[in-house]
Amino acid sequence: MDDYQALVDTIANCQRCPLCQTRTQTVPGEGNLQARLMIIGEGPGADEDRYGRPFIGRAGQLLDQMLDAIDLKREDIYITNIVKCRPPQNRTPKDEEAQACLGYLYQQIEMVNPRIILLMGATALNQYYDKNLRITKSRGVWFEKDGRMLMATFHPAALLRDASKKTDAFVDMLSVKRMLASQ
Ligand code: URA
């Protein structure tokens, strides 16, 4: 816990990339530090930047519904993002921004030690797992990294833009539920 708070404090003072100049505050992540499931998104949006908490805007509300579909609540899981500061205009984080920030994510993963990681959207898939994979082709597929099971699904913001993706995302959530039960 002390290590975790130290990491949160380090992130709060981070100046490793230019996103520190435009953020209101950092959004380190939050949730159950003993979670078996970790969710990784892209980066904070406007609401998250304002309140310092991940996935609390519209995409976050849809994420809550996706979790509800598999009987999970926020307090059961740990949620964070590839970058801990809001990219201006909610643009996709640049490679160098993600690179500067990834060390924090690796520390969070080590501390929480989840069995399963769910990557929300292409940025999380590409920056955490493999730059060459496409979310449309690789969603719903289980991978293994550092002894943990890993899957990507559509980002809830993508589901808000295109509701036809919701069926696939629901199938993916059920797959997460089965994997959690088997681990
Ligand atoms: N989208 C993300 O990827 N992360 C958040 O925290 C909020 C919206």
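As the structure lists them, so they are numbered: ligands from 1, and atoms in each ligand from 1. In this text the structure is predicted, and so the values were computed from the model without any measurement. In this chain, residues are counted from 1 in sequence order.
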Worksheet entry | Stepwise side-chain contact (heavy atoms from CB on, under 4.5 Å) check, Val176 with Leu37 | CA-CA 9 Å; Val176 169; Leu37 174 64; 4.1 Å; yes

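Between Asp168 and Lys165 there is no salt bridge, since no side-chain N of the basic residue sits under 4.0 Å from a carboxylate O of the acidic one. A salt bridge links Arg53 with Glu30: the distance from a Lys NZ or Arg NE/NH1/NH2 to an Asp or Glu carboxylate oxygen falls below 4.0 Å.
Applying the side-chain hydrogen bond (donor to acceptor under 3.5 Å, both in side chains) rule to Tyr106 yields the partners Lys145; only residues at least two apart in sequence or on another chain are considered.
Near ligand 1, residues Gly41, Glu42, Gly43, Glu48, Pro54, Phe55, Asn81, His155 each place a heavy atom inside the 4.0 Å sphere around the ligand atoms.
Note on ring orientation: taking the six-membered ring where Trp is involved, the planes of Tyr4 and Tyr78 are perpendicular (angle over 60°, cut-offs 30° and 60°).
Between the side chain of Gln5 and the backbone N or O of Asp2, no donor-acceptor pair lies under 3.5 Å.
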